Amino acid sequence: RDGDLAGVAGQPEIPQEPEEADASELFFETTDPTEILLENPSQEYYLTEPVASESDAGLTLKLLTEEANEITDTEDWFRENELPPFDSFHMEDDTYRYEIVGDNYASGYLLNIYRKENSMFLKCLDFSNYRYTDNIKPGDEAFVEQRVWWAQSVGDVLYVAVAHNTYTESCPHTGYLVEIDINDAHVIWKSAPCMTNGRNFEIIGDTIVCGYGFTAEPDYLNLVSRLDGSLLEQIPVKSMADYIIRKDDTLYVRTYHTDYTY
């Protein structure tokens with residue numbers, strides 16, 4: 001409608017006081033960041049040096065419920081369990097906000113990091129060295145590009161999930177957790193492959209709970225040490241763990257056709 005445009009024809013526009021931008025607007029401001037190309041130290045398990053740990057034996061999960069879902073009722077699952085809204089490309093923790101970007105919707109190899117308290121841009125981590133690996137099945141090159149799926153921090157240490165979204169036989173070097181020092185962007189450890197390819201992971205104490213699986217492949221919840229990236233335990237599930245969300249002392253796990261609580 002004409003009245004919704006910038007004033008009515010023939011009438012001067014009334015100057016408007018500029019509105020103060022809120023945090024979300026600052027978070028999505030266009031920036032021209034200096035990108036830090038992240039090293040990819042190995043296609044297998046990598047650890048800079050052994051870590052001395054005084055932590056307990058780690059996390060134990062006790063199965064509470066296991067129920068078939070309707071596959072397409074994901075929104076109902078979030079609502080009925082009163083779980084927070086989920087955004088696969090924008091996330092935050094107590095200290096930082098993150099934005100996954102790339103050349104297009106499916107190509108998210110850049111991770112922008114912002115200070116949460118004031119939405120100030122800090123740096124952009126470039127995961128270009130993780131996009132393609134070796135041992136790609138001939139003919140499947142178009143399907144195995146890996147991208148960042150999730151990021152969370154503990155202090156100034158960042159944990160990032162990187163994976164492609166197809167069969168392991170197309171490229172077995174996929175599904176990594178990577179621990180990165182936010183201050184100097186060096187890789188502290190990188191998990192063995194096939195640890196995570198769900199939409200997110202949860203950090204609980206010194207344990208990272210993630211999931212890996214695919215059609216016609218074994219599906220697991222993986223409990224990974226936050227201290228050194230080693231696999232602590234695998235818990236079989238009936239299909240790939242897509243969402244893993246903690247609320248209080250309950251872990252809600254949404255897979256393709258089955259919902260779990262622990």
Side-chain angles (χ1 to χ4, degrees), residues 18-39 55 59 75 78-79 81-102 105 107-128 130 146-163 176-191 196 198-211 224-227 229 242-254:
E19 296 182 359
E20 183 178 350
D22 61 22
S24 62
E25 290 173 334
L26 290 173
F27 176 46
F28 293 109
E29 277 186 348
T30 301
T31 60
D32 185 18
T34 300
E35 296 168 4
I36 301 173
L37 183 62
L38 205 69
E39 64 174 328
S55 66
L59 180 72
E75 292 184 2
F78 272 89
R79 183 178 62 256
N81 292 300
E82 298 181 340
L83 300 176
F86 190 91
D87 188 333
S88 296
F89 290 87
H90 304 95
M91 60 218 69
E92 64 180 40
D93 50 41
D94 292 340
T95 308
Y96 303 102
R97 286 178 174 161
Y98 311 95
E99 180 185 30
I100 300 171
V101 295
Y105 179 79
S107 176
Y109 59 93
L110 301 175
L111 182 67
N112 289 334
I113 305 176
Y114 301 80
R115 182 72 63 181
K116 182 178 180 180
E117 63 182 359
N118 57 11
S119 298
M120 181 180 70
F121 173 79
L122 296 177
K123 62 186 65 179
C124 173
L125 298 183
D126 182 347
F127 284 80
S128 291
Y130 292 72
Q146 302 192 54
R147 72 169 181 89
V148 174
W149 287 86
W150 195 250
Q152 292 285 279
S153 71
V154 176
D156 281 342
V157 178
L158 180 65
Y159 301 89
V160 179
V162 183
Y176 297 98
L177 288 169
V178 187
E179 184 186 57
I180 302 160
D181 187 316
I182 292 181
N183 296 308
D184 62 10
H186 84 271
V187 174
I188 301 171
W189 57 253
K190 182 181 178 184
S191 74
T196 179
R199 294 180 183 270
N200 73 317
F201 55 78
E202 277 282 358
I203 300 175
I204 305 176
D206 288 338
T207 303
I208 301 173
V209 184
C210 52
V224 175
S225 169
R226 184 176 67 82
L227 304 177
D242 209 17
Y243 299 94
I244 301 170
I245 300 176
R246 179 188 183 182
K247 187 177 78 171
D248 300 325
D249 288 333
T250 302
L251 194 68
Y252 295 82
V253 178
R254 170 85 176 184

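Everything numeric in this text was worked out from a predicted model, so none of it was measured.
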Can you measure from [atom1] ([X]) to [atom2] ([Y]) and round to the nearest 0.5 angstrom?
{"X": "Ile244", "Y": "Arg254", "atom1": "CD1", "atom2": "CZ", "result": "13.5 Å"}
{"X": "Ile180", "Y": "Leu111", "atom1": "CD1", "atom2": "CG", "result": "7.5 Å"}
{"X": "Lys123", "Y": "Ile182", "atom1": "NZ", "atom2": "CD1", "result": "7.5 Å"}
{"X": "Asn112", "Y": "Phe121", "atom1": "CG", "atom2": "CZ", "result": "5.0 Å"}
{"X": "Asp206", "Y": "Leu227", "atom1": "CG", "atom2": "CG", "result": "4.0 Å"}
{"X": "Phe89", "Y": "Trp150", "atom1": "CZ", "atom2": "CH2", "result": "11.5 Å"}

* Mind checking whether Val224 and Phe201 have side chains closer than 4.5 Å, heavy atoms only? -> no
* Asked: Under 4.5 Å between any side-chain heavy atoms of Tyr96 and Leu158, yes or no?
  -> no
Holding to salt bridge (Lys or Arg N to Asp or Glu O under 4.0 Å), I want the full list of residues that pass it with [X], two or more places apart in sequence or in another chain.
{"X": "Asp242", "value": "Arg199"}
{"X": "Arg246", "value": "Asp249"}
{"X": "Asp94", "value": "none"}
{"X": "Glu92", "value": "Arg97, Lys116"}

* To do: Please report the shortest heavy-atom distance between Ala151 and Val160, naming the atom on each side.
  => CB-CG2, 4.1 Å
* Shortest non-hydrogen separation from Glu39 to Val187 and the atoms involved -> OE2-N, 3.3 Å
Under the side-chain hydrogen bond (donor to acceptor under 3.5 Å, both in side chains) test, which residues partner [X], sequence neighbours left out?
{"X": "Ser153", "value": "Asp93, Tyr98"}
{"X": "Asn200", "value": "none"}
{"X": "Tyr159", "value": "Glu179, Arg226"}
{"X": "Thr250", "value": "none"}

Contacts of [X] that satisfy side-chain contact (heavy atoms from CB on, under 4.5 Å) - sequence neighbours left out:
{"X": "Asn183", "value": "Asp156, Asp181"}
{"X": "Ser191", "value": "Tyr176, Leu177, Trp189, Met195"}
{"X": "Leu83", "value": "Trp77, Phe78, Asn81, Ile245, Lys247, Tyr252"}

* Asked: Who pairs with Tyr109 by ring pair (Phe, Tyr, Trp, His ring centres under 6.0 Å), at least two apart in sequence or on another chain?
  -> none
